[in-house]
Amino acid sequence: MPVGHLVPEIVLVAGAVTTLLAVLAVPRRLQWIGAPLALATLATSAWFAVDLASDAAQQITFFGTWAIDGATTWARGVVLLATAVVVVMSPEWFARDPRHGEYYPLLVLSALGATLVAGAADTMQLVIGVLLSSVTGYTLAGYHRRSALSVEAAMKYFLVGALANTLLTLGVVLLFGMVGSTLYEATAAGLAGRATDPIAAVAAAAAVGVGLAFKLGAVPAHAWLPDIAQGAPAPSAALLTVVPKVGGLVALARFVQLLPVEQVGWRPWAALVAAATMTLGNLAALWQDDLRRLLGWSSVSQSGYAIMAVVALGRSDLAVPALLYFLLAYVLANLAAFAVVTELRGRTALDAYAGLARRRPLLAAVLVVSFLSLVGIPPLAGFAGKLALFGAVIEGGYAWLAGVAVANTVVSLFYYLRVLGPLYFEVRREPVPVLGRWAGTAAGVTAVAVVAVGVVAEPAFDALSDVLLLPH
């Protein structure tokens, strides 16, 4: 039965509603109950996702609107894992917030939106997933209503999102007008099989591309990401810098496969967006004196690297494995960094991290692992991910893009070292208070995962080599 293919998503809906009703019914001192309920929901969804992946053949299902393939399964897993880590980071951060319990249903619904975006095989479903991810994101970003910085970040996120989502919807409507269907399979056949207006096709592709660029934090819809990283509650910033990116990148990889290269020369444009995104992100990060804002610009640059895999689609067998592996490596490293920020009560000035290694050596070590993985230093996960991306674009005929990426990687080393150098080589005498233990635990676990994923890179790529990205 087709509805059975959406059981993991149905579990997320039911779990979010159940968690919301539960936290509305309990007194303020028991609002923390939302966290274990959210974790149970995410674990149950993951269990059904694994069971479905082992039983169901890769196909387009649910009346042609949903893709069951390796990319959907991988995106589900990464999104659920990332959301679970953020749930663990949250209780102590929001302990004094009277609306603490309501935060967890929003996290679950945000995960649902990202998985809907990743698995969409229909442009209308893509719009619905993007809107669900965006609406929950706006609320998560502005959850500290009395913080001017949080409200400002949420407003910028909302305004950029309103424009980008409008363009996405206009692009979808234009595509529907040209081919008479919202299904990906019918859209691909319609664009390839009839004399469509090339200008309209390019305009529609560009509009949808800008809408998806917003989810990635990529040029030209990137401006919200550094503000969210700096101003949103730290757990929210951790989620919003990784989870929408996972769904958006898989969706972008699916969408470009619908476009006929003869009418819509999307590949050079994607390469230019990748180069511009990574270059802007890295250059802007060089001048930051705020660690969270630095992480925001770093997240922009990581989107540029990931888009390299999209450029190589159809020209390199390494493109899809590189994309999926790099997403996991980036998510783990970025979550580890934000878990440290959360455990340190949101401290954000670079000077506040000087000498941290002497007072909090484990947290300092997590930052080292996270940053070196984001740079791409072996044997961490980021190294294998970037190496695969470089190989994919070179094989795909875009060696110049690999050169730009290598140069950007060198540049990124400088601003990460601006943090890591004082971390170890300056002396701090005053104590460094921490939030509790849960965010610190999340930081340690994700740092270990960064190392472990890097160590098993070869078997991971072997397993991902057979992954399909439907529809073709």
Side-chain angles (χ1 to χ4, degrees), residues 9 12-13 16 20 65 75-76 78-80 82-83 86 102-120 122-145 150-173 182 206-233 235-255 277 296 299-300 303 306 327 331 334:
E9 285 67 36
L12 292 178
V13 174
L20 178 61
T65 64
R76 276 171 169 164
V78 174
V79 166
L80 294 175
T83 308
V86 174
E102 300 166 24
Y103 184 76
Y104 302 103
L106 287 171
L107 292 179
V108 174
L109 291 175
S110 181
L112 173 64
T115 58
L116 290 178
V117 172
D122 177 273
T123 51
M124 283 306 298
Q125 183 187 315
L126 176 64
V127 170
I128 292 171
V130 167
L131 292 178
L132 176 58
S133 176
S134 299
V135 169
T136 53
Y138 305 150
T139 310
L140 291 170
Y143 211 78
H144 289 332
R145 293 181 297 176
S150 179
V151 172
E152 180 185 353
M155 283 302 299
K156 180 173 284 189
Y157 191 22
F158 170 75
L159 292 173
V160 176
L163 177 59
N165 291 338
T166 299
L167 288 173
L168 171 66
T169 306
L170 288 175
V172 166
V173 170
T182 59
V208 174
V210 171
L212 292 176
F214 165 67
K215 303 312 297 177
L216 309 183
V219 171
H222 64 281
W224 62 272
L225 191 47
D227 291 82
I228 290 296
Q230 179 186 22
S236 296
L239 183 91
L240 296 174
T241 54
V242 295
V243 167
K245 203 181 298 285
V246 175
L249 278 164
V250 174
L252 180 63
R254 293 190 200 281
F255 178 74
T277 300
S299 185
V300 171
S303 295
L327 278 175
V331 165
N334 211 60

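The main-chain N or O of Ala111 is never found under 3.5 Å from a side-chain atom of Ser133 such that the two would form a donor-acceptor pair. No side-chain donor-acceptor contact under 3.5 Å links Ser110 to the backbone of Gly137. Not a single donor-acceptor pair under 3.5 Å links the side chain of Thr65 to the backbone N or O of Asp122. In this structure, the side chain of Thr169 engages the main chain of Asn165 through a donor-acceptor pair within 3.5 Å. Within the 3.5 Å criterion, the main-chain N or O of Ala118 finds no donor-acceptor partner in the side chain of Arg76.
Leu212 has its side chain within reach of Leu126: a pair of non-hydrogen atoms, C-beta onward, lies under 4.5 Å apart. Counting heavy atoms from C-beta outward, Ser299 and Lys245 have side chains that approach closer than 4.5 Å. Two residues are said to be in side-chain contact when any heavy atoms from C-beta on lie closer than 4.5 Å; Val250 and Val117 fail this criterion. Counting heavy atoms from C-beta outward, His222 and Thr277 have side chains that stay 4.5 Å or more apart. Taking the side chain as every heavy atom from C-beta outward, Leu12 and Leu80 approach each other to under 4.5 Å. Between Phe214 and Leu168, every side-chain heavy-atom pair lies at or beyond the 4.5 Å cut-off.
One finds the CG atom of Leu132 at 5.0 Å from the CG atom of Leu112 (value rounded to the nearest 0.5 Å). A distance of 3.5 Å separates NZ of Lys156 from CG of Asp227, quoted to the nearest 0.5 Å. A distance of 5.5 Å separates OG1 of Thr83 from CG of Leu239, quoted to the nearest 0.5 Å. For the atom pair OG (Ser236) and CG (Leu140), the distance works out to 4.5 Å, reported to the nearest 0.5 Å. Interatomic distance, CH2 of Trp224 versus CG of Leu159, reported as 14.0 Å (0.5 Å rounding). A distance of 5.5 Å separates OG1 of Thr139 from CG of Leu106, quoted to the nearest 0.5 Å.
Considering all non-hydrogen atoms of both residues, Ala82 and Val242 come closest at CB-CG2, 4.3 Å. Nearest approach of Gly217 to Leu225, heavy atoms of both residues: CA-CD2, 4.1 Å. Between Pro233 and His144, the shortest heavy-atom contact is CG-CD2, 3.5 Å. The nearest pair of heavy atoms linking Leu167 to Ala207 is O-CB, 3.2 Å. For Thr166 against Ala162, the heavy-atom pair with the smallest separation is OG1-O, 2.6 Å. When all heavy atoms of Gly142 and Ser150 are compared, the closest pair comes out as CA-OG, 3.5 Å.
For the side-chain contact (heavy atoms from CB on, under 4.5 Å) test with Lys215, the passing option among Val246, Val130, Leu252, Leu249 is Val130; the others fail.
Between Tyr138 and Tyr157, the two ring planes are perpendicular [angle over 60°; tilted spans 30° to 60°].
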